[in-house]
Structures are given as C-alpha cells and as structure tokens.
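Encoded as structure tokens, the structure appears first; notes follow it.
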There are 2 protein chains.
Amino acid sequence: MSLLAIGSVAFDALETPYGKTDKIIGGAGTYISLSASYFKTPINLVAVVGEDFPQEYIELLQNKGVDTTGLQIKKGEKSFFWSGRYHNNMNSRDTLVTELNVLGTFDPIVPAEYQDCQYLMLGNLTPAVQKTVIDRLENRPKLIAMDTMNFWMDIAMDDLKTVLKMVDVLCINDEEARQLSGDYSLRTASKTIMAMGPKTLIIKKGEHGALLFQGDKMFFCPALPLEEVFDPTGAGDTFVGGFIGYLAKTDDISFENMKRAIVYGSAMASFCVEKFGTERLLDLSEEELTARVAEFKDLAGFDV
Amino acid sequence: MSLLAIGSVAFDALETPYGKTDKIIGGAGTYISLSASYFKTPINLVAVVGEDFPQEYIELLQNKGVDTTGLQIKKGEKSFFWSGRYHNNMNSRDTLVTELNVLGTFDPIVPAEYQDCQYLMLGNLTPAVQKTVIDRLENRPKLIAMDTMNFWMDIAMDDLKTVLKMVDVLCINDEEARQLSGDYSLRTASKTIMAMGPKTLIIKKGEHGALLFQGDKMFFCPALPLEEVFDPTGAGDTFVGGFIGYLAKTDDISFENMKRAIVYGSAMASFCVEKFGTERLLDLSEEELTARVAEFKDLAGFDV
C-alpha cells in the first residue's frame, strides 16, 4: 500500500570515538525512507533541500526506490545542517551546529500523485508542518504515525497536542514520554499519552529496546546487544522507517503485526549503527535482514 | 535437588517516595531464600545475625521452608544493618547507614547436613567468604552461582578473580559488568568476563531487564513495566533467588532451561518491588506467579 513520508533531508557532520565525517547525507526523512525501502517501494517523500544538496545524494535516494517528486530544491538556499559529537558511551552527544536554513520556512507541498496515501509517516519536524501534511491529504490515510522530540514539547506543546489528536501511532523515546506525560513510570505514561490521541504508542529506549503500547496490550522488543556501536545517528528514524515500511508492505495494522513491525524496525536500527551515517543502509541484503530478525527471535524467545 | 544459599540476613531501614520503614528484615540471604522458596524447599541457609535479631523473623524464614541450622546467632553482637533512601526515580539511592556488625567477622560454617549440595547460591558477600563456602563443601555442587558488587571490585579484586574461576554462573548489573571487564559494550564485556571463569553470565539491567550469556548464546528478558515501583530493595536478590530456585526445582542446567529460570526470576523480582521490603514475597500464590509469567510471555513473545 502506498507510503508517504515527510522529514528532513539534510547534511550531517558526525564525530564519534571511531572517527569523524565531513558533511554527509542525513536527516530523518532520509533514514526513514532508506529503511522503509527494504520493505515497500516507492516511498513518496515530501521534504526540502537547498541548492547545495548534491545530485548524487538525490540519486542515492532514487536508486533505493524513493520517489523525489515531493522533494523541493530551493534555489539560492542552503540545506538543513546538523553537526554533533558523541561521547564515549554513545548514549549522549553534544550538538555542535544546527543550521535550520531551508527547514525554517518549509511548506510541505503534497504532489497530486501522492494523494493516494494509505500509510503516512510524519518524521520529526515542527508539529505545525506535520499537521499541514495531514490537512492537505484529501482522504485520511489508513494509518498515520508520527515521530517528535522534546524540543517541540518545550516550545510548541499546544501545536503538538493538536497533531497528537490526529494520529494513530506516536513514536518517542523514554525521556520524551516522561516529559510529555509528566509520569515517571512508562506504563502510566503510556496511558496518559494514549489519552491525548494516539491509540498506539511506541517508546524507544535506545540500547534498552522499545516498548509498544495499545490499550491494555504491551510488547517489548530488545535492542540487539552489539560488540561495537559505530555511530548511533539515525537509529531512531531507521527504526520507525522499518516499522512503517513493514506495515505498508503487509497492509495489516493488527497489534500482532505491529509487534512484527517493531522487530523489523529494531533489526534495521541494529544495522544502521554498525557504520557511519546511512552507509550500512545502502547495501543490505535480504539474507542479512532475515538472519538478523532470526537473531532477535533467538534473543527474546523462550518457552514456559 | 538440594539448594544451599549464603548471604546476609539483616535489618534494613528504607525510605522511598511512598513512605519509610523502621528496621525490617532484609539482606541478600533473606531475599534469595524467600524467592527460591517458591520453587524448592528446604533452602539450606548459611548466614549470621546478632542477638538482636527477632525470633519472629527467624520463624518467618522457617515458615517459608528455610532451614536455619546454618544461621549463626552471635551472643552479645548486633546484626548487619543497612539504611537507604531512594530518589524519586527509584533508580538511584543514598546509603544512609551501613553497620557491618556480625558480618565483619563472619565465618561461614557449613553444617554437616548441608554437605549434600547440588545447587549453591553465593549471595553478595566478601569474595573470601564466598570462597570459604566452596572450599568447605566436600563435593563440588552441580552448579555454583554467585552474585557480587562493585564494592568488592574496588577493594578485593584479586580475591574476586579467584572466586570467579570457581563458579559456573556470575550475576552482576550492567555497571558492574563494565567495571569488571573494562568494556563498555555489554556483549564484549560478556566475553571478557566469561574468560575469567564463569561459563554463564547474567547481566541485570534493573528496569531494563536482564541478559543471559553463555558461549555465543544470548538471551534477553525484559523487566515488566509496572505502574508503580514501591520499593526496589532486594529486587536483584529476589531475581537470582528465583533463578537458582527454578534450576534446583527442575534440575536442568541447559541454556534453554536457564532462559526459563531468568523469566521466573524476573517475575519474582516484579512482585518484590510492589511492596516494602520482603512483604510481597510472603504471601504470593502459585496462581499469581503463573499469571505473572504469562504476562512476561505476552510482553516478549512475537511470531515472525
């Protein structure tokens, strides 16, 4: 079923204990699309870049099955740029540079050929932009999932709450769930947040895995313990990209199938962190993905 | 099969955001024994208390099937006492008082009737005392599991490394695994630590669950997300008590059965934190335990 994703397409410059990169392709929209492309193509992408964005990066997306009709290229402007340095434990990072550039005035235009949208993934952007995309779709998608972050809770909580009422699935991390709900217990927080709108809540816990909540149902998927985490950038977006891609491919939004989607998303994220930036998402084979999902089954499976 | 446990039997005074207690029964040996008693009795306990330790607490243990022949009562001396205050998030705590008392000179005498020991659980104590118990057993148990803590890594690392060579299963938390191995990645740490002696390693991650490693095999059991954690005291000891109790009951030390033992240990720990101190471990029903284990199965189970 048709899949529409919005999110930043940008430059990242990364520094981890393993090395550093110049400006490379990054952004939530990029990671979501690349990850989802292993399950379902085309991915219809709505995003914006500046004139400085290399044609080769656009072709990189196209080669993975991303439809870039909705990718606006702003003449005379610069692409969104983020630079960060990870600490030794990879769990915390310093933002060195954030240049909003084209993202500051992003008007998300939905091309006519994207209107038939069954699965909508709203990557992390200002809540107002996320809402605009929903408003511009003539028919409501079968499933709307959104990602967001603490920054919007700090400066645009009212807008965020408006969008929350319009979506089916919210995906945030544990600290964001606590901030949004005011509850420390994630189980209590899940109830508070689901009462704000989304019937399904995913709480990402990084190296500790991810929780899925829907009504009274709960599911937990561990993160795969890895010997080396090379670069955590984009892991959360890759996770949610795999989640929505798997749902769009299988066209089944039951809780049982969402559990599978969480496992596939976790598998994709486990690949993402093995190399710098998007590198590992460019050359994955189906065999590698199947084997990785089997590792998750071994890791979490027991028989009592 | 016969189960021998050593560990502190002590007074705790606890303060959590939910309230505070006077001196109540606590200690690793207490939590291990009470938890294991749901699987296998008698638990042969080797421990020491002072003259101040109430007879009613000893009877409390006896009523749960704990054999207290090996519980030394030191005339004119005082029991080990620990007092702590938990912070709002329950993940960190301040130690207010530690009075070693009888534990400072503890000589772990193993009664003759405890010699037929198949499963030995060495609760957290000085490594030298743990070693003495192993040395005093005429025949090596089928399985020796030990718990320890960062404190002994700081002040008695050589002794600790000696004991590590003698045991089958080590159970520590994630920070302790990092300290002991010098590795940040828990997967890498597991290899480093297993090379020190124990063929099986359990890494407890508190609210984030527990990992089991053996050779190249890995298993992860989540913690059950709870609406309220009332008092985390003893959760780790309760976990390992359930683990060893389940193994002793089933007398099967295969990796597959250790996975089940981890799930049962996690279920016991999830009960422990629901009330102050040992309270919740005193009145559990078999039906409650079975239902709780089913919750873990729902939480972690998926079909891909």
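Chain letters run A, B, ... following the sequence lines, proteins first, then strands; residues in each count from 1.
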Approximate separation, where rounding is to 0.5 Å, of A/K217 NZ and B/D298 CG: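 Atom-to-atom, A/K217:NZ and B/D298:CG are 10.5 Å apart.
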
Closest non-hydrogen atom pair between B/P222 and A/F220, with its separation: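 Result for this residue pair: CB-CD2, 3.4 Å.
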
Considering all heavy atoms, the nearest A/R187-B/L224 contact: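 Smallest heavy-atom distance, with atoms named: NH1-CG, 4.4 Å.
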
Engaged part of A/K205 at the chain B interface, taking heavy atoms whose separation is under 4.5 Å: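 The answer is the side chain of A/K205.
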
Residue A/L299 versus chain B: region with a heavy atom under 4.5 Å: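 For A/L299, backbone and side chain are both near chain B.
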
The single option from B/L186, B/L211, B/I203 passing side chain to side chain contact (heavy atoms under 4.5 Å, CB included) against A/P225: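 Of all the options given, the one that passes is B/L211.
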
Residues in residues 255-273 of chain A that sit under 4.5 Å from chain B, counting heavy atoms only: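 Residues A/K259, A/R260, A/V263, A/Y264 are the ones that qualify, each having a heavy atom under 4.5 Å from chain B.
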
Segment of B/F219 engaging chain A (4.5 angstrom heavy-atom cut-off):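 Both the backbone and the side chain of B/F219 come within 4.5 Å of chain A.
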
Per-residue contact mode, B/D303 against chain A (heavy atom under 4.5 angstrom):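 It is both, since atoms from each part get that close.
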
Geometric class of the B/H208/A/H208 ring pair [parallel <30°, tilted 30-60°, perpendicular >60°]: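 Parallel: the ring planes of A/H208 and B/H208 meet at under 30°.
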
Main-chain N/O of A/L226 paired to B/S185 side chain as donor or acceptor, under 3.5 Å: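 Between the backbone of A/L226 and the side chain of B/S185 there is a qualifying donor-acceptor contact (under 3.5 Å).
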
When A/E228, A/E227, A/K191 are compared by non-hydrogen pairs under 4.5 Å with chain B, the top option: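 Sorted descending by pairs with chain B, the first entry is A/E227.
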
